[in-house]
2 protein chains.
Amino acid sequence: MIYTSFNDFFAVLSSKQRVKILQLLNREGPHCVNQIKNKLKVEQSAISHDMKRLLGCRFVFVERKGKERVYSINKTTIQPLFNLIREHVEAHCVRKDDKWND
Amino acid sequence: MIYTSFNDFFAVLSSKQRVKILQLLNREGPHCVNQIKNKLKVEQSAISHDMKRLLGCRFVFVERKGKERVYSINKTTIQPLFNLIREHVEAHCVRKDDKWND
DNA sequence: TCATTGAATGAAGTATAAATCATATGATAG
DNA sequence: CTATCATATGATTTATACTTCATTCAATGA
C-alpha cells in the first residue's frame, strides 16, 4: 500500500489496538509478534495485519531474527505525535469548569 | 461525544473530507458552512456532520454571526500535527532509491 | 407572527475497515 | 527432506463509519 494523503496516516492511528501496540513498543522496546500477542491478548493474525499497516506508513520498523520478526517503533515520529495530542487534550479537552458539554 | 483515547482524535483526522476542510480553514481563514459547501462542492449536511466531529475534539472552534456559524481552525494543534506528518513522509515515505516496495 | 435562510439532527442505506478463520510461506532443527 | 514454529496472507463475516435525505431548529426580516 502506498500512502498518499495525511488522512491515510491518521487512519492507521485511528485504531485502539494499533495505538496500544505502539504504546507497548514505546514503553518496552522491540517485540516480536508472539510477545505482542501474549501481552495484549489478541490473535496472532490480527497483530500481523496491524503490523503490516503500521509498517506501511513507517510507524514501525522490522528486523528478522531467525524465524521471528522483531518490530520496533519509529520514535522520531510517534513520540512527538502522541505528545502533541496529549498537550492538545490538556489544553482544550479537559473540562476544568462547565464551559462546554457534548 | 467525549474523546477518551489517542485513536479517537486520529479517527477524526482519518477522513479525506475533514482533512480538506481543515486545510481550507488553514489556508483561507474562517468559513461558514455555506462557504465550505461551495468551495469543496459537498452537501451541507455532510459538512455539518464533519464540523460536529472536528468540533468534538476541538480541532476547530465555532462562533455565531447571525444565522451563520463561522468555523475557524485550531492552528496551535493542527499546524504542528500536519507538519509532523509532512516531515515524516519526507524522511521515511519518499523512495529516493528502490529499498522498499509495498 | 409567518416566511425565509443557514445550519443541525436523526434515520436509512451504503461503503470501509476490522475480526476471524483457514491456509500458506519461510526459517530452523532434526 | 520433513516436521515444527513463527508469522504472513487471503477470504469471509461482522462491525463501524460515511453519505444522503428529510426534517427540525434558530435567527432574521417583512
Side-chain angles (χ1 to χ4, degrees), chain A residues 1-22 24-25 30-72 100-102, chain B residues 1-22 24-25 30-72 100-102:
Chain A
M1 157 108 206
I2 291 164
Y3 297 90
T4 54
S5 184
F6 283 166
N7 65 286
D8 290 328
F9 292 87
F10 293 125
V12 171
L13 299 172
S14 73
S15 137
K16 184 161 263 170
Q17 201 61 239
R18 285 192 289 272
V19 167
K20 278 187 189 165
I21 293 172
L22 289 174
L24 175 64
L25 298 182
H31 283 65
C32 68
V33 174
N34 245 310
Q35 293 175 307
I36 300 173
K37 169 178 170 289
N38 293 330
K39 294 198 183 176
L40 299 187
K41 307 258 181 280
V42 271
E43 252 204 289
Q44 174 266 312
S45 104
I47 295 174
S48 284
H49 282 297
D50 280 338
M51 299 323 286
K52 185 174 184 147
R53 297 200 65 184
L54 289 168
L55 204 51
C57 48
R58 270 62 193 175
F59 290 145
V60 300
F61 306 117
V62 67
E63 204 186 341
R64 293 199 164 213
K65 280 267 171 64
K67 322 185 209 183
E68 298 176 344
R69 296 194 189 190
V70 181
Y71 289 94
S72 57
W100 49 274
N101 50 298
D102 45 353
Chain B
M1 160 109 205
I2 290 163
Y3 297 90
T4 55
S5 183
F6 283 167
N7 64 286
D8 291 328
F9 292 88
F10 294 125
V12 172
L13 298 173
S14 72
S15 134
K16 185 161 262 169
Q17 200 62 237
R18 286 192 289 272
V19 167
K20 277 186 190 166
I21 292 172
L22 289 174
L24 174 64
L25 298 183
H31 284 65
C32 68
V33 174
N34 246 308
Q35 294 175 308
I36 300 173
K37 170 178 169 293
N38 293 331
K39 292 196 184 178
L40 299 187
K41 308 256 181 281
V42 269
E43 251 204 291
Q44 174 266 313
S45 106
I47 294 174
S48 284
H49 283 297
D50 280 337
M51 299 324 286
K52 185 173 185 151
R53 298 203 64 185
L54 289 168
L55 204 53
C57 48
R58 271 60 193 176
F59 290 147
V60 299
F61 305 118
V62 67
E63 203 186 341
R64 290 198 167 216
K65 282 263 170 66
K67 323 184 206 182
E68 298 177 344
R69 298 196 187 187
V70 181
Y71 289 94
S72 57
W100 49 276
N101 51 298
D102 43 357

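Keep in mind that what you see is a predicted model, and the values were worked out from it rather than measured. The chains referred to below are lettered A, B, ... by the order of the sequence lines, with proteins before strands, and numbering in each begins at 1. Basis for what follows: all heavy atoms, side chains included, without hydrogens, waters or symmetry-related copies.
Formation of a donor-acceptor pair under 3.5 Å by the B/Ser48 side chain with backbone atoms of B/Ser45 is not found in this model. The backbone N or O of A/Glu63 lies less than 3.5 Å from no partner atom in the side chain of A/Arg69, so there is not a single donor-acceptor pair. Proximity of a side-chain donor or acceptor of B/Arg18 to a complementary backbone N or O of B/Lys16 within less than 3.5 Å is not detected.
We find the NZ-NZ distance between B/Lys39 and B/Lys20 to be 15.0 Å, quoted to the nearest 0.5 Å.
Atom CG in B/Asn38 sits about 14 Å away from atom C1' in C/dT5, given to the nearest Å. Atom CD1 in B/Ile47 sits about 13 Å away from atom C1' in C/dA8, given to the nearest Å. Look at NZ on B/Lys37: it is 13 Å from P on C/dT5, rounded to the nearest Å. Rounded to whole Å, atom C1' of C/dA7 lies 13 Å from atom CG of B/Leu55. Remark: P of D/dA17 and NZ of A/Lys16 are 11 Å apart, rounded to the nearest angstrom. Atom-to-atom, CZ of A/Arg18 to C1' of D/dT16 comes out at 13 Å; the value is rounded to the nearest Å. Nucleotide C/dA7 holds its P atom 16 Å from the CG atom of B/Leu54, rounded to whole Å. Between the CD1 atom of A/Ile36 and the P atom of D/dA6 there is a distance of 14 Å, rounded to whole Å.
The side chain of A/Val33 sits closest to D/dT7 out of D/dC18, C/dT9, D/dT7.
Neither OP1 nor OP2 of D/dA6 sits under 4.0 Å from any side-chain N or O of A/Tyr71. Within the structure, every side-chain polar atom (N or O) of B/Lys52 is placed at least 4.0 Å from both OP1 and OP2 of C/dA8.
Along DNA chain C, the nucleotide closest to B/Asn34 and the one closest to A/Val12 are compared, and the more 5′ of them pairs with B/Asn34.
In this structure B/Lys67 satisfies the salt bridge (charged side-chain N to carboxylate O under 4.0 Å, His left out) test with no other residue, sequence neighbours excluded.
Between B/Tyr3 and B/Phe9, the distance from one ring center to the other falls under 6.0 angstrom.
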When you look at A/Asn7 and B/Ser15, which way does the side-chain contact (heavy atoms from CB on, under 4.5 Å) test go after all the steps? CA-CA 6 Å; A/Asn7 65 286; B/Ser15 134; 5.8 Å; no
The contact string for nucleotides 19-30 of chain D, one letter per nucleotide 5' to 3', using protein heavy atoms under 4.0 Å with B, S and - for base, sugar-phosphate only and none, comes out as -BBB---SBS--
